[in-house]
Protein chains: 2
Amino acid sequence: MDELFAYLLQFGSLNQRQLDLIASKATPLALGKDAYFLEAGHVARRVGFLLEGVLRICYYDNKGDEITRNFIDEHHLTTNLRGLEDGLASSEYVQAVTECRLLVFAKRDWDELAHTMVGWSEMVHKMTAKHLMEKLARISPMMAQDATTRYREFLNNYPRLANRIPLSYLASFLGVTQSSLSRIRKNIR
Amino acid sequence: MDELFAYLLQFGSLNQRQLDLIASKATPLALGKDAYFLEAGHVARRVGFLLEGVLRICYYDNKGDEITRNFIDEHHLTTNLRGLEDGLASSEYVQAVTECRLLVFAKRDWDELAHTMVGWSEMVHKMTAKHLMEKLARISPMMAQDATTRYREFLNNYPRLANRIPLSYLASFLGVTQSSLSRIRKNIR
DNA sequence: CGCGCTTTTTGCCAAATGGCAACTGACGGC
DNA sequence: GCCGTCAGTTGCCATTTGGCAAAAAGCGCG
């Protein structure tokens with residue numbers, strides 16, 4: 001729980017009573033490898049804070065290929081990207097890449113904290129914005145680089161992730177085929 | 001000014017008095033083609049709302065090549081991406097691709113509106129988050145696609161932009177060379 | 001240890017893209 | 001009208017990446 005508090009306190013100040021209130025809404029959840037936290041076609045009814053493990057966000061393109069759009073590592077929030085406009089079904093899956101432990105909030109509870117705690121809603125938007133900015137800052141430069149450079153960048157950005165992620169997921173995230181990524185790895189050694 | 005009001009009202013409700021207050025802080029600005037609205041190395045001191053024209057966000061990579069990271073079209077806000085954490089210098093330029101007309105706020109005024117108007121800060125964060133989500137949703141799928149598909153997607157996403165943007169900017173945005181993009185265009189016709 | 005299963009690596013060749021330089025076409029100044 | 005400039009196009013060839021299939025390596029399990 002402390003990890004969650006530390007995360008939240010980056011975005012505003014909360015007193016002990018508020019922290020307790022937040023804690024009272026959180027439920028621990030363990031996910032096995034490959035289990036889904038959210039599924040495409042459903043409206044996200046919960047918000048998760050990842051304590052341990054790796055999640056990925058993926059979808060299927062129009063050729064039916066599975067594309068990994070993003071990885072989520074420890075001590076970050078995850079929910080439907082469309083979390084701001086409520087009630088929209090996600091087009092993406094959130095899936096456990098490894099065994100995961102999370103703290104989960106019912107979306108209803110999560111949103112209702114805004115009624116009780118002044119500034120909660122703003123904090124949530126700050127978190128979202130910061131999170132998105134980081135993602136964007138990482139993805140944007142990738143477009144203009146070749147596959148080897150993209151892989152190197154990934155190693156820099158997520159040093160603790162590379163060896164926990166199957167090659168195929170990483171390849172689709174980087175926008176190369178699995179075989180190409182395998183060759184890239186070889187050349188780098 | 002009505003365009004700005006319409007934009008703002010997407011993110012919360014504001015009464016006439018509040019709109020007037022906002023309007024009183026806005027200054028019109030005309031930018032000639034290629035003029036900079038923001039420059040790398042400076043702290044952004046203003047926030048702009050684009051009434052007419054096209055802006056781009058660009059930076060220089062470690063080979064000294066200029067990369068266009070993004071385009072901004074009419075009726076959107078622009079400021080330093082790091083706008084949330086104040087006081088950081090930008091690493092990017094915001095430049096006029098065509099002649100532009102903007103409404104400009106001193107960042108100080110923009111931020112101080114939060115003191116006068118309850119909910120302003122949350123609205124700003126909502127705008128930021130929505131804006132970033134849209135960008136991310138557009139850029140993410142591009143990684144996994146070939147250049148032709150990326151170009152087609154761009155045409156769908158920004159139908160009014162393609163013919164107002166120099167080929168070289170668009171090419172670097174799409175992550176291909178200018179010559180390749182030129183060939184892609186030819187093949188599509 | 002040996003067996004199936006999945007993941008990763010390789011080989012082979014085709015297709016896409018880059019790099020460079022020359023060519024073309026539009027436009028404004030004179 | 002001529003010339004310089006700049007954006008866009010094209011040709012030629014090298015390099016990168018994709019597609020496919022087979023081989024190799026890792027891994028759990030009896």
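Throughout, protein chains are lettered first and strands after them, A, B, ... in sequence-line order, and every chain is numbered starting at 1.
Under the ring-ring contact (aromatic ring centres under 6.0 Å, His included) test applied with B:Phe49, the options B:Trp110, B:Phe5, B:Tyr7, B:Phe105 reduce to a single match, B:Tyr7.
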| message | I'd like to compare against my own output: the B/S/- annotation of nucleotides 8-19 of chain C with a strict under-4.0 Å heavy-atom distance to protein. | response | BBBBB----SBB

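Separating the OH atom of A:Tyr151 from the P atom of D:dT17 is a distance of 14 Å, rounded to the nearest angstrom. The nearest whole Å value for the distance from the CG atom in A:Asp34 to the P atom in C:dC5 is 17 Å. Taking atom CG on A:Asn163 and atom P on D:dG26, their separation rounds to 15 Å, with Å as the unit.
Side-chain contact annotation: B:Arg164 with B:Thr98, donor-acceptor N/O pair under 3.5 Å absent. Side-chain contact annotation: A:Tyr60 with A:Glu66, donor-acceptor N/O pair under 3.5 Å present.
Closest approach of B:Ala162 to B:Arg185, counting heavy atoms only: O-NH2, 4.2 Å. The minimum heavy-atom distance between B:Phe71 and B:Phe154, with the atom names listed, is CD1-CE1, 4.0 Å.
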